[in-house]
Amino acid sequence: MLGLTTTRRLRAVEADYTAQLNQAWTSAELERRRADRTIAAQKRVFRRRLDRALKAVAATRKDAARAQGALRRVTERLVDMQKANRTVGGSR
């Protein structure tokens, strides 16, 4: 009788520990999934921000290139005007 009672108690303790372990594993798994979702959401946010920043850089580069082209054309015209004025002034 003593052995049977001990075996029942051991089985009961084992079942309790197994239930606690299952509960801990389930909690850990749910927490991991929550963390994975949070990380994925943060990645999406950062990716959108990076995409917007890259588009802004590209637009700024395009604007700078346009401005540089316009300045080059104005400079060339001014140089041409100076050359024209020198040749007209030099022939007097």
Side-chain angles (χ1 to χ4, degrees):
M1 183 88 177
L2 185 59
L4 184 58
T5 303
T6 304
T7 303
R8 283 184 186 163
R9 284 185 185 159
L10 286 175
R11 285 184 182 157
V13 168
E14 181 186 12
D16 186 43
Y17 284 153
T18 301
Q20 288 177 14
L21 182 61
N22 285 338
Q23 180 62 36
W25 183 86
T26 302
S27 292
E29 182 64 16
L30 290 173
E31 186 61 33
R32 185 191 64 78
R33 289 179 185 180
R34 270 189 231 112
D36 287 349
R37 283 193 302 271
T38 300
I39 289 169
Q42 288 175 345
K43 281 182 180 179
R44 285 190 301 272
V45 167
F46 290 143
R47 186 53 155 167
R48 282 194 299 266
R49 287 180 183 173
L50 178 61
D51 287 345
R52 281 195 302 260
L54 290 174
K55 286 178 184 177
V57 167
T60 301
R61 282 180 148 182
K62 189 182 279 188
D63 290 345
R66 278 191 209 121
Q68 184 180 10
L71 285 173
R72 188 179 319 114
R73 287 189 298 276
V74 168
T75 303
E76 289 170 357
R77 287 182 186 159
L78 287 173
V79 168
D80 290 344
M81 287 173 62
Q82 280 183 335
K83 286 181 183 178
N85 284 340
R86 285 185 192 158
T87 56
V88 171
S91 64
R92 283 186 186 176

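Only heavy atoms go into these numbers, but all of them, side chains included; no hydrogens, no water, no symmetry mates.
- Separation of atoms CZ (R11) and OG1 (T7) is listed at 6.0 Å; rounding is to 0.5 Å.
- Every pair tested for side-chain hydrogen bond (donor to acceptor under 3.5 Å, both in side chains) that includes a residue from residues 71-80 fails, sequence neighbours excluded, so the list is empty.
- Note that CG of L78 is 12.5 Å distant from NZ of K83, once rounded to the nearest 0.5 Å.
- The side chain to side chain donor-acceptor pair (under 3.5 Å) test applied to R52 returns no partner, not counting sequence neighbours.
- Partners of V45 by side-chain contact (heavy atoms from CB on, under 4.5 Å), not counting sequence neighbours, listed by chain and number: R48, R49.
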Report, one line per pair, each donor and acceptor closer than 3.5 Å where one atom sits in a side chain of residues 29-42; sequence neighbours left out.
from : atom 1 : to  : atom 2 : distance (Å)
E29  : OE1    : R32 : NE     : 3.4
E29  : OE2    : R32 : NH2    : 2.6
E29  : OE2    : R33 : NE     : 3.2
E31  : OE1    : R34 : NH1    : 2.7
R32  : NH1    : D36 : OD2    : 2.7
T38  : OG1    : R34 : O      : 3.0

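- Applying the side chain to side chain donor-acceptor pair (under 3.5 Å) criterion to N22, with sequence neighbours excluded, gives no partner residue.
- Contacts of D16 classified as side chain to side chain donor-acceptor pair (under 3.5 Å), with partners at least two apart in sequence or in another chain: Q20.
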